[in-house]
Amino acid sequence: MRLVRSLSICVVLAACGDKDPGGADGAGDGGAAPDGGATGDGGTADGGDVDGGAGDGGGDGGTAGDGGTAGDGGTGGDGGTGGDGGTAGDGGTGGDGGTAGDGGGDGGTDDTGDPPPVITGDASVAENPSNPFSALVTVTVDQDAELVVRYGEHGLTHETPSRSVLAGEEVQVVVLGLHADTDYQLQAVASHGEATWTSDSLSYSTAPLPVGWPVCTPTFTVSPTEVDPDEVVCTQGVTSRGQYMYFCTDYFGEPVFSISSSGNDSMMSMRALRGGGWASTSYTSSRVVLFDETGAQTGALAISYFDDDTRFVHDFIDSHELVEFTEGEWEGGLGFFTQTYEYLDDGSYKLGNGLIVFDPESREVWYDWSFHGELGDGEAMDPRMPYSSAGRGDYAEDWTHANTILHGFDADGRAYLLLSVKSQDWVFKLYPDTDELAWALGFDGDFTLVDDVDAASPAALSALAWAYHQHGLVFVEPDDDNLHLLMFDNGYPRNDGRQYRYDLYYSRLVQVELDEETMLADIDWEYGSPSWGAEDHIFSSTCGNTVLLQDEARVMALDGEDATMIEVSYPEGEERWRMQCETTEWCEYRVAWFPSMYETDWAVR
């Protein structure tokens, strides 16, 4: 349903009075009032007459007496004069208190002698064709101003972020987080100094949910009253009719956001960008897809677009990761994984990942790299991971299966990338300035796993304690000089130090602490029991991730295969809430959490 209403309103700081018919064309100069008499009810502006011309105590002309004001509701006019017949009597009073008005003559000004501040504007509302849980409010005002749109179902309970607008500029305000099949009232408000313009109420109704929309069912451990109704969780999904989308719900399972690509792409790696837009790689069509803040698609780039600007060969765009760089020489750039085949002399092949970093504005490639290195020589980029190294991905030739990129800086300012490589159960540290893989974290890597990296005599832990097939790494801000990483430990299969164990079925949320000087690592926080039937038992052999929320008192995780989002207290590790979504997607790959639909950039500011 589309409802559009336009309006144009003049607003003055003091309320505009009604004009009585039959008066003179302009406010008079206001006769001086001898003996303390106030000026009379004389003429008013714009045809508004007050008590028929000169007032009961008006002077013969001249300027308004001390404290004299114009008459009943009269406004300053075109420069007409008031009546001159009345003289002030002892104790005579003036008119009924009209104020100086729009365009008044000599008497139509405020106490400072300056024209009163005025804003006029026009506003209308329309549907957002790219997001059914949104509306687009178009506003024009005649003064530079700060603009918001207030809205709600029962009163104007919400407000869009304030934005600066220029006089005469038509702007479009995106209203987000609406519920389906709901009637809303909206109102544009612009302010400039002391002047404020408020539009009439705009009516808008959202459409019903499409048939086959994923149903998300929450379970609360804490009281629902403890939940902020503006907080949202987001993931990719598909309707029962085969429409792929990226969608968000509140904690009660109510949908509040959705966008889809023109090519019906499954968008596993969707990321919110600092400028208000979105970007993802596609699982179904091997391309990067770009969107603006309304959810409208603005671009789609195949791997062939980058062919002439890379050092290494990249056969396909991988679907598992896309990130925005927010610091350093790549600030504003986007990075994603690629896939490339290396065919070996014995007729076998290895599928390995590379990566590309590019400028989304100019589309210039800033950096690229590959685990293969140069193709055709039968040797991989790093000797720790030769082609003979077994890959435990989706199939035997799935040699790396990378799924996460993190961008960080050493204490000396040197930039690095952390690359999660599922098939090797490792996280690599890559220095782009030299293409060097500095270390590998994980079982049989460069670190020793111990009970406490800070202990005088740390004790080694079992190989089973390492994270395996990990997904969704995030930095945790440390209170020391060590590196702390939160991740989803899929844990299948685990290695007991002698062999991989396919009979162990449990996943965890784990925080790993790394001391890069001693090359020791420990598990300094975890959630998830290996015991079936335990309340905190989780198992997802693939997909999933973790997010440390903005208050740093909660962790959000996704059990991807079960399509279940879980929030636990941090560091207490007590479940607070979970929500399972019914979707025909093969798995939900990643969950994102936002304080509101207007704060989607909180994690990358």
Any carboxylate oxygen within less than 4.0 angstrom of a Lys/Arg side-chain nitrogen, looking at Glu324 and Arg271?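 No.
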
Option from Thr546, Thr404, Leu486 for which side chain to side chain contact (heavy atoms under 4.5 Å, CB included) with Leu473 holds: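 So the option named by the test is Thr404.
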
Between Phe336 and Phe306, ring centroids under 6.0 Å: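 Yes, the ring of Phe336 comes within the 6.0 Å limit of the ring of Phe306, centre to centre.
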
Taking the ring centre of each residue, are Tyr589 and His320 less than 6.0 Å apart?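 Ring centroids of Tyr589 and His320 are less than 6.0 Å from each other.
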
Going by ring-ring contact (aromatic ring centres under 6.0 Å, His included), name the residues that satisfy it together with Phe133, two or more places apart in sequence or in a different chain.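 Per chain and number, Phe133 pairs via ring-ring contact (aromatic ring centres under 6.0 Å, His included) with Trp213.
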
[Y] and [X] side chains, donor-acceptor separation under 3.5 Å:
| X | Y | answer |
| --- | --- | --- |
| Asp265 | Ser285 | yes |
| Gln185 | Ser203 | yes |
| Glu146 | Ser164 | yes |
| Glu599 | Ser596 | yes |
| Gln236 | Ser266 | no |
| Asn403 | Glu321 | no |
| Arg241 | Thr239 | no |
| Thr182 | Glu153 | no |

Quick one: does [X]'s side chain get under 4.5 Å of [Y]'s, heavy atoms only?
| X | Y | answer |
| --- | --- | --- |
| Phe337 | Ile405 | yes |
| Tyr244 | Ser282 | no |
| Arg287 | Ser261 | yes |
| Val474 | Phe488 | no |
| Leu334 | Phe358 | yes |
| Val233 | Thr235 | no |
| Trp278 | Met267 | no |
| Val125 | Tyr184 | no |

Whether the side chain of [X] engages the backbone of [Y] through a donor-acceptor N/O pair (distance < 3.5 Å, no angle test) should be reported.
| X | Y | answer |
| --- | --- | --- |
| Ser286 | Ile317 | yes |
| Asn545 | Val591 | yes |
| Thr564 | Met579 | no |
| Gln187 | Ser199 | yes |
| Asn264 | Gly242 | yes |

Which heavy atom of [X] sits nearest a heavy atom of [Y], and at what distance?
| X | Y | value |
| --- | --- | --- |
| Thr294 | Val174 | CG2-CG2, 3.8 Å |
| Val171 | Leu147 | CG2-CD2, 3.7 Å |
| Ser269 | Leu322 | CB-N, 3.6 Å |
| Phe247 | Cys216 | CE1-SG, 4.0 Å |
| Met270 | Phe291 | CE-CE1, 3.9 Å |
| Trp330 | His407 | CE3-NE2, 4.4 Å |

Spacing of [X] atom [atom1] and [Y] atom [atom2] [to the nearest 0.5 Å]:
| X | Y | atom1 | atom2 | result |
| --- | --- | --- | --- | --- |
| Met268 | Asp318 | CE | CG | 7.5 Å |
| Asn131 | Phe257 | CG | CZ | 5.0 Å |
| Phe475 | Leu548 | CZ | CG | 13.0 Å |

Ring pair (Phe, Tyr, Trp, His ring centres under 6.0 Å) partner of Tyr251, the single match among Trp577, Trp593, Phe594: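 Of Trp577, Trp593, Phe594, ring pair (Phe, Tyr, Trp, His ring centres under 6.0 Å) with Tyr251 is met by Trp577 alone.
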
